[in-house]
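By convention here, the first residue in the shown sequence is residue 1.
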Amino acid sequence: MCYGKCARCIGHSLVGLAVLCIAANILLYFPNGETRYASENHLSRFVWFFSGIAGGGLLMLLPAFVFIGLEQDDCCGCCGHENCGKRCAMLSSVLASLIGIAGSGYCVIVAALGLAEGPLCLNSFGQWNYTFASTEGQYLLDTSTWSQCSEPRHVVEWNVSLFSILLALGGIEFILCLIQVINGVLGGICGYCCSRQQVRTCVKMR
């Protein structure tokens, strides 16, 4: 089993997920494609936490590129002393994974809070407020109440869709980074890349 190839696969996946997180977060600033709500500060406060741009996006690129750089075509078995550096690299990738876990965790938490509180919108009384803040997220199950927000148009659907996407993407990133923690520990202890023949040789030597 080649732990480096597994890490590289995870790294490439994280790059794609990070790009999607950044795109979803940017879209939250422009309900219905309009820019005036951002300039007038009529957006949910959790939009300004940059959870998708910073947490699930830019911060996730660091461990992603570390993971991609771990895999080499010339890796050899778990008994070769010349691969001690590669073992250390696999163990150090655990630290990068923890950064990824922190970033994705931040993205998940902020997205969940944004969903629970609901959007900032203009209600039927002509006031800008968090109309669904007191519902503790129950408004998500009752779409008939979404019409209470008159402006921006369809802002509830916009926020729910994009925060849900961020929640899902952040959750996947968290799982992948957690897998790399395990993969990095195993790769550091058992060897960077072990073929079946090398494993049998290693066992015989013991």
Side-chain angles (χ1 to χ4, degrees), residues 10-64 97-181:
I10 292 175
H12 283 299
S13 299
L14 288 177
V15 170
L17 292 169
V19 171
L20 292 175
C21 279
I22 293 173
N25 200 154
I26 291 175
L27 288 174
L28 279 169
Y29 291 99
F30 309 108
N32 302 316
E34 299 182 55
T35 60
R36 64 187 181 95
Y37 298 109
S39 60
E40 295 171 358
N41 199 25
H42 286 156
L43 297 175
S44 168
R45 57 176 176 163
F46 290 109
V47 174
W48 301 103
F49 281 33
F50 305 108
S51 61
I53 295 176
L58 298 178
L59 194 61
M60 196 57 57
L61 293 177
L62 173 61
S97 300
L98 295 178
I99 294 176
I101 288 175
S104 58
Y106 175 71
C107 182
V108 168
I109 292 172
V110 173
L113 291 174
L115 281 172
E117 186 173 64
L120 175 67
C121 64
L122 187 68
N123 61 23
S124 56
F125 300 103
Q127 298 176 329
W128 287 92
N129 60 19
Y130 292 94
T131 306
F132 306 108
S134 61
T135 66
E136 298 181 348
Q138 293 301 313
Y139 78 98
L140 295 170
L141 305 176
D142 188 4
T143 57
S144 63
T145 62
W146 293 6
S147 59
Q148 295 178 30
C149 283
S150 59
E151 191 178 345
R153 291 183 57 198
H154 308 297
V155 67
V156 181
E157 293 91 330
W158 189 268
N159 270 37
V160 169
S161 298
L162 292 174
F163 273 128
S164 296
I165 290 173
L166 286 175
L167 183 66
L169 293 176
I172 296 173
E173 289 176 338
F174 186 90
I175 293 172
L176 289 176
C177 288
L178 192 59
I179 291 174
Q180 179 53 32
V181 170

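Taking CG of Leu27 as the reference point, atom CD1 of Ile165 lies at 8.0 Å (rounded to 0.5 Å). Note that SG of Cys121 is 11.5 Å distant from CG of Leu43, once rounded to the nearest 0.5 Å. The OG atom of Ser104 sits 12.5 Å away from atom CG of Leu166, with the distance rounded to the nearest 0.5 Å. Atom CG of residue Leu167 and atom CD1 of residue Ile109 lie 10.5 Å apart, to the nearest 0.5 angstrom. The CG atom of Leu58 lies 4.5 Å from the CD1 atom of Ile22; values are rounded to the nearest 0.5 Å. The distance from atom CD1 of Ile53 to atom CG of Asn25, rounded to the nearest 0.5 Å, is 4.0 Å.
Here the side chain of Trp158 pairs no donor or acceptor atom with the backbone of Arg153 at under 3.5 angstrom. Using a distance-only test at 3.5 Å, with no hydrogens or angles considered, no donor-acceptor pair links the side chain of Tyr37 to the main chain of Glu151. Judged by distance alone, with hydrogens and angles left aside, the side-chain atoms of Tyr139 form no donor-acceptor pair with the main-chain N or O of Trp146 at under 3.5 Å.
The two atoms that bring Met60 and Cys177 nearest to each other are SD-SG, 3.8 Å, heavy atoms only. Annotation for Phe163 and Leu28: closest pair CE2-CD1, 3.8 Å, computed over non-hydrogen atoms. What you find for Ser97 and Gln180 is that their closest heavy atoms are OG-CG, 3.2 Å. Taking all atoms of both residues into account, the shortest heavy-atom contact from Asn123 to Ser150 is O-OG, 3.9 Å. Of all non-hydrogen atoms in Leu120 and Ser44, the two that sit nearest each other are CB-N, 4.1 Å. Considering all non-hydrogen atoms of both residues, Phe132 and Thr135 come closest at O-OG1, 2.7 Å.
Residues Ile101 and Leu98 are in side-chain contact: their nearest non-hydrogen atoms beyond the backbone lie under 4.5 Å apart.
With hydrogens and angles left out, the side-chain atoms of Thr131 and Asn129 include a donor and acceptor closer than 3.5 Å.
The neighbour count for Glu40 CD, taken as heavy atoms of other residues, nucleotides or ligands under 6.0 Å away, is above 12.
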message: The test is disulfide (SG to SG under 2.5 Å); show your working for Cys21 and Cys107 and say whether it passes.
response: CA-CA 9 Å; Cys21 279; Cys107 182; 4.4 Å; no

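Judged as a ring-ring contact (aromatic ring centres under 6.0 Å, His included), and not counting sequence neighbours, the contacts of Phe46 are Phe49.
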